[in-house]
Amino acid sequence: MRGQIDFSKRSDGRPVVVAGPCSAETEAQVLGIAEQLPSDITSIFRAGLWKPRTRPGAFEGVGAKGFGWLNAVQQEYGLPVATEVANADHVEQCLKHGIDALWIGARSTVNPFTVQEIADAVRGTGIAVMVKNPVNPDIDLWIGALERIIEAGSSNVAAVHRGFSTHEKGKFRNQPMWNIPIELKRRMPDLPIICDPSHICGNRPLLTDVSQKAIDLNMDGLMLETHLDPANAWSDADQQVTPNELREILNALIWRNPNSVDGEVKAKLEELRTVIDGLDHDILDRLVERLCITRQIGEYKKEHNITILQYRRWNEILDNRKAYLEGKQLSPRFLKKFLEAIHEESIHQQTLVMNTGELEKE
Ligand code: PEP
Ligand code: MN
């Protein structure tokens, strides 16, 4: 029997917690984890039946054999269950076996044919669907997949932020690129977003920090892979935690309110925001002023037949502004991005002035 899934934040302000193993391995493993999950905290039990693996020859999931185990989780522990689907046949089997929620994996979200096939298969069923971000940082591809599922009549849809694969190999398995889920929330404000720190981190030590960041950004839920013996898990062994560790992570988090109900707090925030509004206007006015000068320089360069881009000057600007900010609270990374954006616009404006390319005209 399919339970009612609610992806929005719980009424006490706590996020939805999707917990359970990366893959269903054996009946004892699935039921053992379900038994030990903190029942006061867990909202949905997850376990992959079909596993997309990067290299052939790895464990590819138990498939349909695991439905009985997930049904036992529903019956014995009263938890709704979710699994990954990658084609219409998977969806049909899940529907037949009363699975409560589906998720579309990152490797499937990249393919509009696959997503459309899944959308057509869920049409009219009302089953809850989570759409993971595509592996590449393309917000439109993510939104497109969400739209296909919503257009198929699914009203119970959530996005899952699991990080993005890039050529940079940093401390994360998948770069969080927080600006992408933030932009998704701006463009689809009513859509719940669940953060999946397990697949972002790819390891255990970073899970708490990434979960906290998701909470601070007002995300609606957390998906955390949980296993009784993480080190010996058949997939994603480095990133899973035990049910006890899951409880520790969740207990360590500081829950925040999206809005304070306290009048005094609200008034103070309002006051600070008014100052920010004023400062932003000042910054924008100064930028416009700066660009006017840039255009004058462009005119002058045109008169004297001088190139727009001058590397020496550009390097000087970077070094000089960095030195100017020494000891102040702005990171060099931000300064560089900020100056690059200004420089790009300056070149664009000067190109317009010099009239050297129709291509530059917007
Ligand atoms: C998973 O949730 O186990 C999984 C395969 O995730 P992703 O599609 O995010 O890699
Ligand atoms: Mn996994």
Show the numbers, then the answer: is there a side chain to side chain contact (heavy atoms under 4.5 Å, CB included) between Gln29 and His227? CA-CA 8 Å; Gln29 174 245 18; His227 197 283; 3.4 Å; yes
So Lys132 and Met223, side chain to side chain contact (heavy atoms under 4.5 Å, CB included) or not? Walk me through it. CA-CA 11 Å; Lys132 290 206 171 197; Met223 181 185 273; 4.0 Å; yes
With side-chain hydrogen bond (donor to acceptor under 3.5 Å, both in side chains) as the test, would you mind laying out the steps for Asp216 and Gln212 before giving the verdict? CA-CA 6 Å; Asp216 293 348; Gln212 184 66 58; 2.9 Å; yes
Between His97 and Leu70, is the side chain to side chain contact (heavy atoms under 4.5 Å, CB included) condition met? List the steps. CA-CA 9 Å; His97 290 95; Leu70 293 181; over 6 Å; no
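For the pair Ser43 and Val18, the minimum side-chain heavy-atom distance is 4.5 Å or more. Looking at heavy atoms from C-beta onward, Ile193 lies out of side-chain contact with Leu217 at the 4.5 angstrom threshold.
Val110 and Ile118 are members of different hydrophobic clusters when ILVMFWY side chains are connected at heavy-atom separations under 4.5 Å. Note on Ile41: it clusters hydrophobically with Ile215, by side-chain heavy-atom contacts below 4.5 Å among ILVMFWY residues. Cluster membership for Leu325 and Ile283, using ILVMFWY side-chain heavy atoms within less than 4.5 angstrom, is shared.
A 6.0 Å sphere centred on CD of Glu303 holds more than 12 heavy atoms belonging to other residues, nucleotides or ligands. Summarising the local packing, CG of Asp40 is surrounded by more than 12 heavy atoms from other residues, nucleotides or ligands at distances under 6.0 Å. Atom NZ of Lys171 has 12 or fewer heavy atoms from other residues, nucleotides or ligands within 6.0 Å.
For Gln349 (side chain) and Arg295 (main-chain N/O), no donor-acceptor pair under 3.5 Å exists by modelled atom type. Between the Lys51 side chain and the Ala58 main chain, no donor and acceptor come within less than 3.5 Å of each other. Panel note: side chain Glu245, backbone Val241; no donor-acceptor pair is recorded below 3.5 Å. Glu151 places no side-chain N or O within 3.5 Å of a backbone atom of Ala119 that could act as its donor or acceptor partner. Not a single donor-acceptor pair under 3.5 Å links the side chain of His348 to the backbone N or O of Glu344. Within the 3.5 Å criterion, the main-chain N or O of Val135 finds no donor-acceptor partner in the side chain of Arg107. Within the 3.5 Å criterion, the main-chain N or O of Glu225 finds a donor-acceptor partner in the side chain of Ser198. In this structure a side-chain-to-backbone donor-acceptor pair under 3.5 Å is missing from Thr83 to Val81. The backbone N or O of Gly163 sits less than 3.5 Å from a side-chain atom of Asn133, completing a donor-acceptor pair.
Closest of all the heavy-atom pairs between Pro80 and Ile5 is CB-CD1, 3.6 Å. For Pro134 against Phe164, the heavy-atom pair with the smallest separation is O-CD2, 3.5 Å. Of all heavy-atom pairs between Phe45 and Gly20, the closest is CE1-CA, 4.2 Å. Annotation for Pro21 and Gln240: closest pair CA-OE1, 3.5 Å, computed over non-hydrogen atoms. Nearest heavy-atom pair, Phe7 versus Asn156, reported as atom, atom and distance to 0.1 Å: CD1-OD1, 3.5 Å. In plain terms, the two heavy atoms of Ala158 and Leu191 that are nearest each other are CA-CD1, 4.3 Å.
Residues meeting the ring-ring contact (aromatic ring centres under 6.0 Å, His included) test with Phe334, sequence neighbours left out: Phe338. The side chain to side chain donor-acceptor pair (under 3.5 Å) test applied to Arg333 returns no partner, not counting sequence neighbours.
Remark: Glu264 does not engage Lys268 in a salt bridge, criterion side-chain N to carboxylate O under 4.0 Å. Using a 4.0 Å cut-off between a side-chain N of Lys or Arg and a carboxylate O of Asp or Glu, Arg286 and Glu289 qualify as a salt bridge. Arg187 has a carboxylate O that lies under 4.0 Å from a charged side-chain N of Asp140, or vice versa, which qualifies the two as a salt bridge. A salt bridge does not link Glu340 with Lys337: every distance from a Lys NZ or Arg NE/NH1/NH2 to an Asp or Glu carboxylate oxygen is 4.0 Å or more.
When only modelled atom types and interatomic distance are considered, Asp236 and His199 share a side-chain donor-acceptor pair under 3.5 Å. At a cut-off of 3.5 Å, with distance as the only test, a side-chain donor of Gln74 or Asn71 sits close to an acceptor on the other residue. With hydrogens and angles left out, the side-chain atoms of Asp120 and Gln116 include a donor and acceptor closer than 3.5 Å.
Ring geometry for Trp234 against Phe59 counts as perpendicular: the plane angle is over 60°, on a 0 to 90° scale with 30° as the lower cut. In this structure, Trp50 and Phe67 have perpendicular ring planes: the angle between them is above 60°, well past the 30° mark. Note on ring orientation: taking the six-membered ring where Trp is involved, the planes of His343 and Trp314 are parallel (angle under 30°, cut-offs 30° and 60°).
The side-chain hydrogen bond (donor to acceptor under 3.5 Å, both in side chains) test with Gln350 singles out one residue from Glu345, Lys301, Glu299, and that residue is Lys301. Evaluated for a side-chain contact (heavy atoms from CB on, under 4.5 Å) with Ser154, the options Val131, Leu146, Val129 yield exactly one hit, Val129.
With rounding to the nearest 0.5 angstrom, the CE atom of Met219 is 9.0 Å from the CG atom of Leu184.
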